[in-house]
Colleague: 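One structure, as structure tokens, below. Some questions next.
Both ligands and their constituent atoms are indexed starting at 1 by order of listing. Values reported hereafter were calculated over all heavy atoms of this structure, with side chains retained and with hydrogens, waters and symmetry mates removed.
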Amino acid sequence: MYDVIIIGAGSAGMAAGIYTARFGLETVIIGKVVGGLLNDSHRVENYPGFTAIPGFDLMMKFKEHVDSLKVPVKEEWVTSINKNKDGTFTATTDKAEYTGKTVILTMGTKHRHLGLPHEEEFAGKGISYCATCDGAFFKDQDVAVVGGGDSAALGAQLLAQHAKSVTVLVRKEKMRAEPINLKRLEENDTITIKYNTEVKELLGKDGLEGVKLSDGSELKVTGLFVEIGHIIQSELAEQLGVKLNEHKEIIIDSGSKTNVPGIYAAGDVANRRFKQAITGAAEGVIAAFSAYEFIKQKQDSEKVDVGWH
Ligand code: NDP
């Protein structure tokens, strides 16, 4: 029986684990990919204490910290979660079952796909969702990036270090990336930004050879990096009767509490407007404190009451 089950091993989940461990709570962190999506960010410049650090390196520092507190991190995929009759929760993974008194949900998001024909078929054959992982394979080639946020802006900058040319395809008349990132794109001679442009077709036979754009023109590229945002992974929350908003984000209050007592949420899966590694970590820490208070109150009431309810 754990005090806290944390689902998700990104910045929010790992930060929560550091705090629950320090509160003396028996904790397990379950996450398929330690580090989460921040691993894909080749350069994080806005995590206090680090002027610039690769996302993967930052997350390995989180992992070191978690390990130092002897919190187990299970690299498993949670398939379902249930509330038990005694008020505890059981998470079932592809390998085991974990029961805990409280749960902190930090499942984050997954990459959004364009949904065009051939997209899945060309994945790994020209289509990529991670410039950090795949950028170096496109040395001296012409590539494009779809998207207008910070992921697209950072991805394009990284690709410009390898590729011959990088075209950023933005569907609106402006980008929503941070001004500092936009300025760097505009100042980079290898990068061209095309506004009001959508990708309509993926061209190629055995792999990507180009894209057809909304103005009818064709752009010859051997790589297309899709950086068009993320899909919230909140299915497990739904199983627990946790309230979501219209974007499928988990609704939390200032204590990272959901509508279900004993269940907390933090990070990109939650309904917070500004989603950053630092804000996710902070929400995780607040969730840890709320879980601690919940358990303490239960323990205090158990002294006069009976059972865990
Ligand atoms: P965002 O949701 O911020 O941006 C998604 C972009 O993709 C938007 O420009 C959107 O266009 C566009 N888009 C969505 N669907 C399509 C489509 N079908 N075709 C073409 N374009 C499409 O996602 P990001 O991943 O960029 O960023 C998510 C969050 O993570 C942000 O808060 C960001 O600041 C943060 N982040 C921080 C980083 C860091 O600090 N190192 C690194 C990367 C991200 P439109 O504007 O028209 O809706």
Colleague: What do we get for H230 next to ligand 1 when only non-hydrogen atoms under 4.0 Å count, side chain, backbone, both or neither?
Modeller: side chain

Colleague: What is the nearest protein non-hydrogen atom to atom 7 (O) of ligand 1, stated with its residue, atom name and distance?
Modeller: I228 CA, 3.2 Å

Colleague: Should E198 be listed as contacting ligand 1, given a heavy-atom distance under 4.0 Å as the test?
Modeller: no

Colleague: Using the benzene-type ring in the case of Trp, are the ring centres of H113 and Y129 under 6.0 Å apart?
Modeller: yes

Colleague: State whether the shortest distance between N or O atoms of R112 and N or O atoms of ligand 1 falls below 3.5 angstrom.
Modeller: no

Colleague: Measure the CG-CG distance between N196 and L213 for me, rounded to the nearest 0.5 Å.
Modeller: 12.0 Å

Colleague: When you look for heavy atoms under 4.0 Å from ligand 1, do you find them on the side chain of D268, its backbone, both, or neither?
Modeller: neither

Colleague: Are side-chain N/O atoms of H162 and D140 paired as donor and acceptor at under 3.5 Å?
Modeller: no

Colleague: Among all protein heavy atoms, pick the one closest to atom 17 (C) of ligand 1 and tell me residue, atom and distance.
Modeller: R171 NH1, 3.6 Å

Colleague: Would you mind checking which non-hydrogen protein atom is closest to atom 23 (O) of ligand 1, with the distance to 0.1 Å?
Modeller: G229 CA, 3.5 Å

Colleague: Is it true that D142 and S165 share a donor-acceptor pair across their side chains at a distance under 3.5 Å?
Modeller: yes

Colleague: Counting each atom of ligand 1 from 1 as listed, which ones have a heavy atom of K275 under 4.0 Å away?
Modeller: 29 (C), 30 (O), 32 (O), 35 (C)

Colleague: Strictly distance-based, threshold 3.5 Å: is any side-chain N or O of N245 a donor or acceptor partner for the main-chain N or O of K248?
Modeller: yes

Colleague: Does any N or O atom in G148 lie less than 3.5 angstrom from one in ligand 1, N or O only?
Modeller: yes

Colleague: Does only the side chain of N46 get under 4.0 Å from ligand 1, or the backbone, or both, or neither? Count heavy atoms.
Modeller: side chain

Colleague: Regarding ligand 1, does K172 bring an N or O atom to under 3.5 Å of one of the ligand's N or O atoms?
Modeller: yes

Colleague: Please determine if Q276 has a nitrogen or oxygen closer than 3.5 Å to a nitrogen or oxygen of ligand 1.
Modeller: yes

Colleague: Side chains of N46 and Q276 only: does a donor on one sit below 3.5 Å from an acceptor on the other?
Modeller: yes

Colleague: Do the two ring centres, one from F289 and one from Y264, sit under 6.0 Å apart?
Modeller: no

Colleague: Considering non-hydrogen atoms of the protein only, which is the closest contact for atom 43 (C) of ligand 1, and what is the distance?
Modeller: S151 OG, 3.4 Å

Colleague: Can T92 and T79 be counted as having a side-chain donor-acceptor contact under 3.5 angstrom?
Modeller: no

Colleague: Are Y19 and Y292 an aromatic pair by the rule of ring centers under 6.0 Å?
Modeller: no

Colleague: Is S41 touching ligand 1 with its side chain, its backbone, both, or neither, if touching means heavy atoms under 4.0 Å apart?
Modeller: side chain

Colleague: Identify the closest protein heavy atom to atom 34 (O) of ligand 1: which residue and atom is it, and at what distance?
Modeller: D150 OD2, 2.6 Å

Colleague: State the atoms of ligand 1, each with its element, that fall below the 4.0 Å cut-off from a heavy-atom position in V146.
Modeller: 20 (C)

Colleague: Taking atom CD1 of I6 and atom OH of Y2, what is their separation to the nearest 0.5 Å?
Modeller: 11.5 Å

